[in-house]
2 protein chains.
Amino acid sequence: MASYTLPEFLAHAIAMEQEAADRYLELADMMEAHRNDPTSKVFREMHRYSVMHRDSIRARVGTTDLPKPRSWQYRWRTPPEVGGEEAFDYLLEPYNALKYARGNEMRSMKYYRAVAAEAEDPELRRLAEEFAGEEREHVLALDEWLGQTPRPSLSFADDPEMIEPV
Amino acid sequence: MASYTLPEFLAHAIAMEQEAADRYLELADMMEAHRNDPTSKVFREMHRYSVMHRDSIRARVGTTDLPKPRSWQYRWRTPPEVGGEEAFDYLLEPYNALKYARGNEMRSMKYYRAVAAEAEDPELRRLAEEFAGEEREHVLALDEWLGQTPRPSLSFADDPEMIEPV
């Protein structure tokens, strides 16, 4: 990973939180449309945390101009296919939606850890470690929810980030 | 794949063209920033085609209300990693940017073909076949450009859609 300046890092972090907020809102709406209220509520909470985190980073940045990250640097992965032709509907299973979110949170956590490990600026390192800790909390929250959710007959192929321990 | 109504299909097609337009513009800007003018020009052309296609579908839809597709049904895949830690910069190689675009165009072509194959409505089938043909043209254009572009030492791992013949 190229080493970051603080503004580059903050721009990435804001874009990542915005992406997470958008996806959690989408997942919450989908769950609600399928009358899965408990899972919808979890995703609304995750959405709220992402928005709060985004806003707290923005507040820190103030009026400084930040670079614009490229979409593939912060977008969530598209979900892997479960089986054959059903690619468009399988997220209707709450279990798979939770695993999908977990994979993306795990990827964010690893990103922040990698930035922290390579940071030369102590402030950058401190921030990256703090953010990695928040993502870790999200993974743990999703794991708890996964434990209470019935596993469907068709579940995701093993994307490591959906299953590996934090 | 679930069978589609015509409005569902048109909503998907518009979202896919919009996503392609956004990504091509981003790739064009990136190439320009790295003074790779020939490749930038290709991506600007691809952007223009995507915008034109989106607008022609919108014109056909008129004022009908369309459903809102979910992001993972039309978003481009995030690029696979080339090697280790450089995941954030490898698209700077024009060859890899072209292969990335090819993988996504190929996926769109397959989507349209699958819709055509399962369509019961003849108008839906005709449209899906027409759109598949346009995506095929895009893949062929990218192949021609790939043939003229030096292959870098680090290139994408073999994602089938980046290399399989149309």
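Note: hydrogens, waters and symmetry copies are ignored here, and every other heavy atom, side chains too, is used. All chains are named by letter (A, B, ...) in the order of the sequence lines, taking the proteins before the strands, and each is independently numbered beginning at 1.
Residues satisfying the side-chain hydrogen bond (donor to acceptor under 3.5 Å, both in side chains) criterion with B:Glu130, sequence neighbours excluded, are B:Arg126. Residues passing the ring-ring contact (aromatic ring centres under 6.0 Å, His included) test with B:Phe43 are B:Tyr24, sequence neighbours excluded. In this structure B:Arg44 satisfies the side chain to side chain contact (heavy atoms under 4.5 Å, CB included) test together with B:Leu25, B:Ala28, B:Asp29, B:Glu32, B:Ser40, sequence neighbours excluded.
Under a cut-off of 6.0 angstrom, the local environment of CD in B:Glu144 is sparse, with at most 12 non-hydrogen atoms contributed by other residues, nucleotides or ligands. For A:Glu120, the CD atom sits in a loose shell: 12 or fewer heavy atoms of surrounding residues, nucleotides or ligands are nearer than 6.0 Å.
Within residues 49-60 of chain B, no residue has any heavy atom less than 4.5 Å from a heavy atom of chain A.
Scanning all heavy atoms of the two residues, the minimum distance from B:Thr78 to A:Arg75 falls at CG2-O, 3.7 Å.
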Just do the side chain to side chain contact (heavy atoms under 4.5 Å, CB included) check on A:Glu26 and B:Trp72 with the steps written out, would you?
-> CA-CA 10 Å; A:Glu26 192 177 24; B:Trp72 50 82; 3.7 Å; yes

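Distance check, rounded to the nearest 0.5 Å: CE of A:Met30 to OG of B:Ser71 gives 10.0 Å.
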